[in-house]
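Comments concern the structure below.
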Amino acid sequence: MSLIKRKPQRRVAVIGAGLSLFMRRALDTGKELAYYAASQALQTAGIRLKDIQAVVMATAPDAFDGVHMKGEWLLDGAGGVGKPYLRAYVGGGSGVFSIISGWMMVASGVFDLVLVVAEEKMSSCQPHPQGAFLTIFDHIIERPLGPNLLWIFSLEQQRYMAAYGIRNEDIALVSVKNKHNALAHPAAQVAARLTVKDILDSDVVAWPVHRLMVSPISDGAAAVVLASEQVARRLSDRPIWIQGVGWCLDTSYWGNRDLAYPRYVEKAAWMAYEMAGVTEPRKQIHVAEPYDPFAYKELHHLEGLQLADRGQAPEDLARGRFDRTGELPSCPSGGLMGVGNPIAAAGLMKICELFWQLRREAGARQVPGNPERGVAQAWGDLMQIGTVAVLGVR
Amino acid sequence: MRSMSDRVAVVGVGAVPPRPLSVDRSYRELGFESATRAYGDAGVTHQDIESFISVCEDFHEGTSITDEYTPDQLGAVLQPVHTIAGDGLQGVAAAVMLIRTGIADLVAVEAHCKTSNILTHEQVLAMALDPTYERALRVTPHFVAGMEMRRYLHETGSSEDAVAMVVVKNRRHALGNPVAAYGGILSPDDVLASAAVCEPLRELEISPNSDGAVVLVLASEEAARRTPKPVWIRGVGWASGTPWLAGRSWGQASYAGVAAEMAYRMAGITQPDREIRFAEIDDTYAYKELQHLEAAQLAPRADVTRMVMEGETRRGGRLPVNPSGGSLGMGYCFDATALYRTAEAVRQIRGEAGRAQVAQATTGLVVSWRGIPTQSGGAMVLSAD
Amino acid sequence: MARTRAKPATARAPAPPYVPLRGHPLNEEEFRGQVGSTTWVPRLEYAWDAGVAISRFLDGLREGKIYGVRCRRCGRTVTPPRAFCELDFKPMDEWVELRDTGTINTFSICYVTWDMKPLRVPQIPAVIEIDGTSPRVGFLHLVGGVRGRTVTEIRRQVRVGLPVRAVWKPPAKREGAITDILHFEPVRKRANR
């Protein structure tokens with residue numbers, strides 16, 4: 001059954017990318033972080049802000065900054081003054097959704113050059129940024145129980161483990177891989193050489209989640225420049241094409257569905273694959289950047305992305321399939337577990353990674369061979385949304 | 001390869017009548033009603049809708065990542081749903097662009113308002129001000145509107161009487177609109193005698209809050225032709241000015257000018273004051289209606305006061321503005337306001353506005369604004385064909 | 001005014017982005033004491049309308065009952081109740097009194113507060129599938145009546161698939177809230193049940 005009405009006629013390419021450092025607490029304001037990433041993206045695309053016709057901003061809860069309608073507040077740092085500017089917001093899925101929103105703008109034919117910025121400054125939220133998530137729960141039937149953010153991850157991880165007989169040792173390997181991969185990433189906040197034992201020796205925060213299975217609090221920003229086909233060919237020696245996009249939001253009644261499998265990631269993935277003409281993802285996807293805010297999530301999402309059988313991703317990981325030098329490199333960037341998790345920016349960082357990987361510019365992180373197509377995915381809300389983008393050299 | 005039409009129409013409208021309180025129903029239940037009405041109006045089911053866009057803000061709901069709670073009441077479970085934390089017309093523009101990509105023919109746009117549930121309104125409003133430079137003033141946030149109104153009157157020479165007349169007009173228009181909450185017969189003196197909030201801004205010049213919910217169904221040309229009453233979106237635009245209070249041009253709504261220009265260009269409109277028959281324009285504060293009129297090139301600056309005082313912007317006048325009553329007459333619905341303006345404009349063009357009907361309402365303009373302290377808004381040209 | 005001593009850190013690495021990345025990381029001491037900052041403590045209060053369905057659910061809780069609703073179309077019985085079936089998009093009006101027992105779908109043992117302070121006694125959040133609903137239908141609550149504090153001890157008593165029963169507040173203390181149920185406790189087998 002087709003998930004899109006028809007294939008889009010207009011093609012859209014990424015022609016520039018930029019990042020700020022990812023930091024636990026930055027001196028720089030959110031506007032400044034956005035500016036760093038945006039100006040680097042413009043620079044690498046070889047254009048000026050005045051050439052940009054529209055701006056998309058992705059940034060997650062306003063409660064991090066204590067600013068209502070924070071999309072407005074941040075817009076000058078994102079280059080939005082005087083331009084059509086809007087903020088797309090789908091929780092943790094925002095980073096990858098930002099490029100989908102930008103894609104809509106160009107694929108519609110309305111704009112030729114769009115700047116996409118994702119920014120997050122979590123450190124402003126005191127005493128702890130997790131406080132911003134106290135209010136993600138249902139105001140009447142959940143909040144009075146005093147839930148905190150860790151609960152949703154630990155409940156989902158436990159369900160995943162119980163459903164497929166997965167052990168914590170298998171999951172810990174994700175932390176090891178990604179923190180190690182991140183050693184080669186210039187923005188990385190929490191790169192490290194660790195072992196499975198180190199991960200499991202870290203204290204239990206919410207069993208089965210150990211502290212070193214949790215991505216950090218971060219401040220940071222990312223940005224890309226999107227162009228229509230004609231403009232991309234004129235401006236870029238090697239545009240990277242957005243071959244497909246997909247997104248899918250599941251019910252807010254998260255207690256009414258099985259958390260063992262992210263069916264909304266699957267649906268979003270098939271939407272993107274259909275658009276991209278991908279029928280055999282395991283063969284046709286050469287590099288993957290699934291969303292890994294917690295270690296188990298990379299595995300959960302690889303299965304949703306159809307890159308591993310249900311319950312089998314841990315085994316594939318253990319035998320090296322997802323290593324940078326493996327059959328299907330996953331999170332060669334180092335992911336959120338290694339680079340950091342400024343929520344919206346982290347998702348767009350994954351898009352930036354695919355951009356560099358597909359242009360063979362990823363240096364020490366470069367996956368070997370000739371990767372021609374990659375998939376990036378983000379996730380968020382109450383374990384509800386999957387946002388997927390397939391990028392390729394053609 | 002068949003060339004795809006880029007035309008998009010509004011084919012369904014469903015709105016809950018705005019009311020100061022909505023104690024009997026949750027936001028889910030309001031949303032369900034507005035969506036049911038909209039889908040019925042378009043002659044489609046929820047399963048026919050291919051993508052959904054909601055417009056909402058966390059602090060209006062009291063929920064972080066409030067987009068989590070959007071799909072169920074739209075019938076959008078496991079569908080491509082996304083949220084624009086912005087202006088209602090940005091949501092409509094996103095739907096237009098999505099349809100023009102070709103991957104979806106039917107897209108629903110939703111916004112709702114339950115701000116009667118906010119107990120600390122001014123705190124929420126104050127949180128939109130820059131925390132370092134602006135919030136410390138600890139004055140009611142309406143000061144931003146008061147200052148803007150002062151500068152607008154100074155620059156344009158418009159009179160406070162004209163501003164008061166906007167209130168009189170819109171409240172009276174609302175009497176003819178069965179879903180409006182604040183219809184009434186006021187005199188300009190009533191308005192000018194109302195309490196000063198932040199001078200020159202007066203209490204009756206601030207649109208009163210209402211709860212509500214609106215869903216629009218948009219369609220590609222191909223799909224629109226299968227529905228009973230399409231109203232065509234000929235052009236849409238949106239823009240933002242600087243977020244800083246310092247350094248902005250206070251007298252003009254330049255964002256509305258840029259947005260309208262974009263919409264007119266898309267619509268092929270070169271003489272808006274001749275080609276636009278009526279307008280549903282943001283009047284969150286009464287003076288904004290005048291400021292937006294000017295920015296949208298519907299009235300030269302020097303003429304605005306005269307037009308208003310001589311009744312040209314009344315329902316029976318040359319350029320009816322807010323025949324629905326606007327926010328002053330219907331109630332201000334925060335994130336849903338722009339969609340209410342759109343819904344009313346669509347009704348006008350369909351000839352379904354009953355006693356509020358403008359004669360020969362073939363082409364209309366909608367102008368929206370996100371409210372203080374933003375300089376963000378949108379514009380859209382709608383027409384019968 | 002304190003001036004920042006943080007040096008701008010520019011990370012160079014043999015990988016793009018090749019240009020130095022910008023950002024000025026601060027350590028905790030610098031953040032708290034050495035850079036200018038503004039503080040705001042918001043006072044944001046809301047009183048949400050529960051609406052038709054949840055109001056009735058809360059009334060039920062006050063009476064010591066857990067209600068669900070059934071969709072005539074798809075046949076699902078769900079809780080928490082809702083005024084419409086989100087899948088069929090039709091009103092749901094067939095109310096069902098459910099049992100106050102259920103099964104643990106998933107659980108966790110949480111040793112930290114939301115601001116990462118250690119909890120002496122861990123909390124055990126869980127999704128409880130309520131008896132009488134369609135498969136995999138449940139809601140968030142807490143597990144209680146469990147001895148011990150370590151993961152090992154607790155895991156001996158709590159597992160996925162464990163039958164549990166609601167422990168209610170005494171009627172006089174109930175407010176019509178989800179917390180009228182104190183927690184769900186493991187059903188202990190008794191010989192003469």
Side-chain angles (χ1 to χ4, degrees), chain B residues 19 21-33 35-36 38-40 44-49 58-64 66 69-79 108 114-136 138 211, chain C residues 1-2 4 31 35-61 67-69 71-93 95 114-115 127 134 136-140 176-178:
Chain B
R19 285 292 176 274
L21 299 174
S22 54
V23 293
D24 54 331
R25 283 179 296 171
S26 65
Y27 70 94
R28 290 184 196 270
E29 291 157 2
L30 285 182
F32 177 69
E33 178 180 337
T36 302
Y39 303 161
V44 302
T45 71
H46 68 293
Q47 287 164 326
D48 298 318
I49 309 289
D58 283 0
F59 285 118
H60 286 154
E61 310 295 322
T63 296
S64 275
T66 194
Y69 295 102
T70 54
D72 306 289
Q73 55 271 26
L74 297 175
V77 173
L78 276 177
Q79 298 298 328
K114 284 282 275 180
T115 55
S116 67
N117 289 182
I118 303 176
L119 300 179
T120 53
H121 266 278
E122 282 207 0
Q123 281 270 322
V124 172
L125 268 182
M127 282 191 76
L129 295 169
D130 179 275
T132 308
Y133 298 99
E134 298 167 0
R135 209 179 290 176
R138 294 181 193 265
D211 287 353
Chain C
M1 268 299 113
T4 176
F31 182 83
V35 302
S37 65
T38 312
T39 304
W40 177 273
V41 180
R43 207 187 94 244
L44 301 171
E45 293 170 23
Y46 301 79
W48 297 285
D49 298 319
V52 174
I54 292 295
S55 290
R56 195 160 164 190
F57 178 63
L58 298 177
D59 286 343
L61 292 176
Y67 279 113
V69 278
C71 174
R72 295 175 203 280
R73 211 110 185 273
C74 63
R76 287 183 314 151
T77 300
V78 293
T79 194
R82 53 211 76 162
F84 54 91
C85 174
E86 72 277 12
L87 302 181
D88 297 311
F89 213 58
K90 291 273 188 288
M92 271 167 115
D93 53 8
W95 284 71
W114 65 270
D115 53 344
V127 175
S134 298
R136 295 287 167 271
V137 170
F139 55 67
L140 175 72
I178 193 70

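Please read all numbers here as calculations on a predicted model, not as lab measurements.
For C:Trp40, the part sitting under 4.5 Å from any heavy atom of chain B is the side chain, from C-beta outward, and nothing else. At a 4.5 Å heavy-atom cutoff, the contact between B:Phe59 and chain C is made by backbone and side-chain atoms alike. In this structure, chain C has a heavy atom under 4.5 Å from the backbone of B:Leu74, while its side chain stays farther away. Using a 4.5 Å cut-off between heavy atoms, B:Thr115 makes no contact with chain C at all. Using a 4.5 Å cut-off between heavy atoms, C:Ala47 touches chain B through backbone and side chain atoms alike.
Here the side chain of C:Glu86 pairs no donor or acceptor atom with the backbone of B:Gln73 at under 3.5 angstrom. Under the 3.5 Å distance criterion, the side-chain polar atoms of B:Gln123 are matched with a main-chain donor or acceptor of C:Arg43. Side chain of B:Asn117 to backbone of C:Asp49: a donor-acceptor contact under 3.5 angstrom is found.
The shortest heavy-atom contact between B:Ala35 and C:Phe89 is CB-CZ, 3.7 Å. Scanning all heavy atoms of the two residues, the minimum distance from C:Ala53 to B:Glu29 falls at N-OE2, 3.0 Å. C:Ala50 approaches B:Ser26 most closely through the heavy-atom pair O-CB, 3.5 Å.
Put simply, the side chain of C:Val52 does not reach to within 4.5 Å of the side chain of B:Asp24, judged on heavy atoms. Looking at heavy atoms from C-beta onward, B:Leu119 lies out of side-chain contact with C:Tyr46 at the 4.5 angstrom threshold. Residues B:His46 and C:Asp88 fail the side-chain proximity criterion, which asks for heavy atoms closer than 4.5 Å.
Under 4.0 Å is where a charged nitrogen must lie from a carboxylate oxygen, and between B:Asp72 and C:Arg82 no such pair does.
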Verdict with reasoning, C:Leu87 to B:Val77, per side chain to side chain contact (heavy atoms under 4.5 Å, CB included): CA-CA 7 Å; C:Leu87 302 181; B:Val77 173; 3.9 Å; yes
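Note that CZ of B:Phe32 and CE of C:Met92 are 10.5 Å apart. Values are rounded to the nearest 0.5 Å.
Considering only heavy-atom pairs separated by less than 4.5 Å from chain C, the leading option among B:Val23, B:Thr45, B:Leu78 is B:Val23.
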